[in-house]
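What you see is a predicted model, and the numbers here were worked out from it, not measured in a lab. When a residue number appears, it is its place in the shown sequence, counting from 1.
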Amino acid sequence: MKPTGFIFHEDYVKHDTGTQVYSFPDGGTMNVGLEFENHHRIRYIKEMLEKSGLLQQMHSVIPEPARDEDLLRVHTERHLAHIRDTAAKGLRVFGPEAYGCPVSEEVARLSAGGAIKAVDIAMGEESGLTQAYALIRPPGHHASSDQAMGFCLYNNVAVAARYAQAKYGLSRVAIIDWDVHHGNGTQDIFYEDDSVLFISLHEAQNFPSDTGDVTETGAGKGEGYTVNVPLPSATGEAGYRHAFEQVVLPVLEEYRPELVLISAGQDPNGMDPLSRMMVMRPGFRYMARTLRELAERVCDGRVVVLQEGGYSLPYLPIATLGVIEGLMDCEVDFQDPHSIPERPLMEEAIQAVQKSRHALAPYWNHLHDTQTAHK
């Protein structure tokens, strides 16, 4: 079993996104319960890890809040002031579909701090460890340098990448984002940067509906270092495996990152209310295991997994169990009570992956078929 760090703080549950309330013209309202991104998500994941026995095999670490200098490597002063002031005023809305409460700025800073601590572990700060999983919230990949969005206040994975560069002098950091929603904030932050490779596998035109196309490949010196693989609805494990084999792994093998960061949203699962994908526990185990093995080949096993989305309260802990099994190189004795028919590799998924390869082939020799590579 691969030694693994576990980052968590009890204060993550204090981030209160409120309830969903519908309003009617006559002044009436209808409360339909907690917002999708709520504290039960991480409570259930942690309980699953405890009761499966995995948590007892992990090295638990309590993070510290990110400092201003950590956040300002990614975000603007104006953004920090906005998040701080919105929380201080007790307002619920921090940005488009980004909600919180008076302590949310502190918790978001602690979430980014969890990502930072995970980097320290992967870089050898804890004896014998080169990998870590951070069970953090709020998530981060929709937050841009100056905009909170989609449940995200600060961009945790971007903060982690910039911290790794600043503290450890890394020149090649890879971010792989398998959240079902496009990591538009992360893409924006690194779009013109060749020192951070960003790879996103997501459901095509889900959220945000206007980003994540294969033609978005970076700009300036970052051209070719943004990799988008938008997949059709109902893509299952076979489709994700195909995308890994045809795009993700070849690009990573050529890039040779010094650190692998994973934005791990388990919302491509077949039970999630905010997606229409069909990946189950074995698929998440495959993706985590494959990236761990890649990291072992190219960067001494340095890999960080950061919790992003996932909104099916019954299935999120099971899907995340699969991630940790892949990360730790094990399978625990837990029978998944949920099942859906395995999806064969669909022609639509094959075509989607081929479009991504075609768009990126000019920049990566490992994707080079008949075109002339630029690199």
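Here the closest heavy-atom approach between residue Cys101 and residue Ala87 is recorded as O-CB, 3.8 Å. Pairing each heavy atom of Gly5 with each of Ile121, the nearest pair is CA-CD1, 4.3 Å. Taking each heavy atom of Gly310 and Leu316 in turn, the nearest pair found is O-CD2, 3.2 Å. Here the shortest heavy-atom pairing between Gly270 and Ile340 reads CA-CD1, 4.2 Å. Of all heavy-atom pairs spanning Arg357 and Gln246, the tightest one is NH1-O, 2.6 Å.
The cluster map of Ile, Leu, Val, Met, Phe, Trp and Tyr, joined by side-chain heavy atoms under 4.5 Å apart, puts Leu80 and Leu91 in different clusters. Hydrophobic clustering (side-chain heavy atoms under 4.5 Å, transitive across Ile, Leu, Val, Met, Phe, Trp, Tyr) groups Val13 together with Leu135. Each of Val157 and Val61 belongs to its own hydrophobic cluster when Ile, Leu, Val, Met, Phe, Trp and Tyr are linked at side-chain heavy-atom distances under 4.5 angstrom. A single hydrophobic cluster is seen to contain both Leu170 and Leu197, as judged by linkage of ILVMFWY side chains at heavy-atom distances under 4.5 Å, directly or through other members. Cluster annotation: Val332 and Tyr133 are assigned to the same hydrophobic cluster (Ile/Leu/Val/Met/Phe/Trp/Tyr, side-chain heavy-atom contacts under 4.5 Å, transitive).
Taking CZ of Arg43 as the reference point, atom CD of Glu10 lies at 7.0 Å (rounded to 0.5 Å). Between the CE atom in Met328 and the CD atom in Glu331 there is a gap of 13.5 Å [rounded to 0.5 Å]. Considering CG of Asp177 and OG of Ser263, their distance stands at 4.5 Å, rounded to 0.5 Å. We find the CG-CE distance between Leu129 and Met58 to be 10.0 Å, quoted to the nearest 0.5 Å. The CZ atom of Arg276 lies 12.0 Å from the CG atom of Asp267; values are rounded to the nearest 0.5 Å. To the nearest 0.5 Å, atom CG of residue Asn31 and atom CD of residue Gln20 are 9.0 Å apart.
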Mind running salt bridge (Lys or Arg N to Asp or Glu O under 4.0 Å) on Glu37 and Arg137 for me, showing each step along the way?
CA-CA 9 Å; Glu37 202 294 292; Arg137 71 181 284 265; 2.8 Å; yes
- Task: Under the ring-ring contact (aromatic ring centres under 6.0 Å, His included) rule, what do Tyr311 and Phe151 come out as? Steps first, then yes or no, please.
- Result: CA-CA 12 Å; Tyr311 306 100; Phe151 310 145; 5.4 Å; yes
May I have the step-by-step check of side-chain hydrogen bond (donor to acceptor under 3.5 Å, both in side chains) for His15 and Ser104, ending in yes or no? CA-CA 5 Å; His15 172 57; Ser104 288; 2.8 Å; yes
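At distances below 3.5 Å, not a single donor-acceptor pair connects side-chain atoms of Ser195 with backbone N or O atoms of Ser171. In terms of modelled atom types and a separation under 3.5 Å, the side chain of His75 and the main chain of Asn155 share a donor-acceptor contact. With hydrogens and angles ignored, the 3.5 Å screen pairs no side-chain donor or acceptor of Ser23 with any backbone N or O of Thr29. In this structure, the side chain of Glu308 does not engage the main chain of Asp179 through any donor-acceptor pair within 3.5 Å. Side-chain N or O atoms of Asp213 include none that pairs as donor or acceptor with a backbone N or O of Glu216 at under 3.5 Å. Side-chain atoms of Asn206 do not come within 3.5 Å of backbone N or O of Glu203 as any donor-acceptor pair. Arg302 places no side-chain N or O within 3.5 Å of a backbone atom of Gln131 that could act as its donor or acceptor partner. Using modelled atom types, no side-chain atom of Gln187 and backbone atom of Gly212 make a donor-acceptor pair closer than 3.5 Å. Put simply, the side chain of His82 gets close to the backbone of Phe94: a donor and an acceptor are under 3.5 Å apart. Using modelled atom types, one side-chain atom of Thr235 and one backbone atom of Pro232 make a donor-acceptor pair closer than 3.5 Å.
The aromatic rings of His79 and Tyr154 sit perpendicular to each other, their planes meeting at more than 60°, with 30° as the lower class boundary. Under the 30°/60° scheme for interplanar angles, the aromatic rings of Trp364 and Tyr255 are found to stand perpendicular. Using bins of under 30°, 30° to 60° and over 60° for the plane-to-plane angle, the ring pair His338/Tyr315 lands in the perpendicular bin.
Figure legend: cation-pi geometry between Arg241 and Tyr286, with NZ or CZ positioned under 6.0 Å from the six-membered ring centre and within 45° of its axis. Geometrically, Arg92 engages Tyr99 in a cation-pi contact defined by less than 6.0 Å to the ring centre and at most 45° from the axis.
The closest side-chain heavy-atom distance from Leu49 to Phe6 is below 4.5 Å. The shortest side-chain heavy-atom distance between Leu72 and Glu77 falls under the 4.5 Å cut-off. With contacts defined as side-chain heavy-atom distances shorter than 4.5 Å, the pair Leu321/Arg281 qualifies. Annotation: side chain of Ser111 is in contact with side chain of Tyr12 (closest heavy-atom distance under 4.5 Å). In this structure, the side chains of Leu274 and Val180 stay at 4.5 Å or more apart for every pair of heavy atoms. Side-chain atoms of His366 and Leu249, non-hydrogen and from C-beta on, never get closer than 4.5 Å to each other. Ser52 is not listed as a side-chain neighbour of Phe334, based on a closest heavy-atom distance of 4.5 Å or more.
Annotation for Glu125: atom CD counts as buried by contact number, over 12 foreign heavy atoms lying within 6.0 Å. Other residues, nucleotides and ligands contribute more than 12 heavy atoms inside 6.0 Å of the CG atom of Asp26. Counting heavy-atom neighbours within 6.0 Å of Gln351 CD, excluding the residue itself, gives a total above 12. Counting heavy-atom neighbours within 6.0 Å of Lys167 NZ, excluding the residue itself, gives a total above 12. Counting heavy-atom neighbours within 6.0 Å of Ile62 CD1, excluding the residue itself, gives a total of 12 or less. The 12-atom threshold is exceeded at CD of Glu296, counting heavy atoms of other residues, nucleotides or ligands nearer than 6.0 Å.
A salt bridge is absent between Lys2 and Asp329: the closest approach of a Lys/Arg side-chain nitrogen to an acidic carboxylate oxygen does not fall below 4.0 angstrom. For Glu253 and Arg297, the salt-bridge test passes: some basic side-chain N is under 4.0 Å from an acidic carboxylate O. Classification of Arg84 and Glu105 as a salt-bridged pair fails, no side-chain N sitting under 4.0 Å from a carboxylate O. Under a 4.0 Å N-O distance rule, the pair Arg109/Asp68 qualifies as a salt bridge. Salt-bridge annotation for Lys117 and Glu64: absent, with no side-chain N of the basic residue lying under 4.0 Å from a carboxylate O of the acidic one.
Aromatic rings from Phe207 and His142 are positioned such that their centres are separated by under 6.0 Å. Checked against the 6.0 Å centroid threshold, Phe244 and Trp178 do not count as a close aromatic pair.
Each of Arg162, Arg73, Arg172 was scored for a salt bridge (Lys or Arg N to Asp or Glu O under 4.0 Å) with Asp193, with one residue passing: Arg162. Looking at Thr186, Ile136, Leu261 one by one, the single match for side chain to side chain contact (heavy atoms under 4.5 Å, CB included) with Asn156 turns out to be Ile136.
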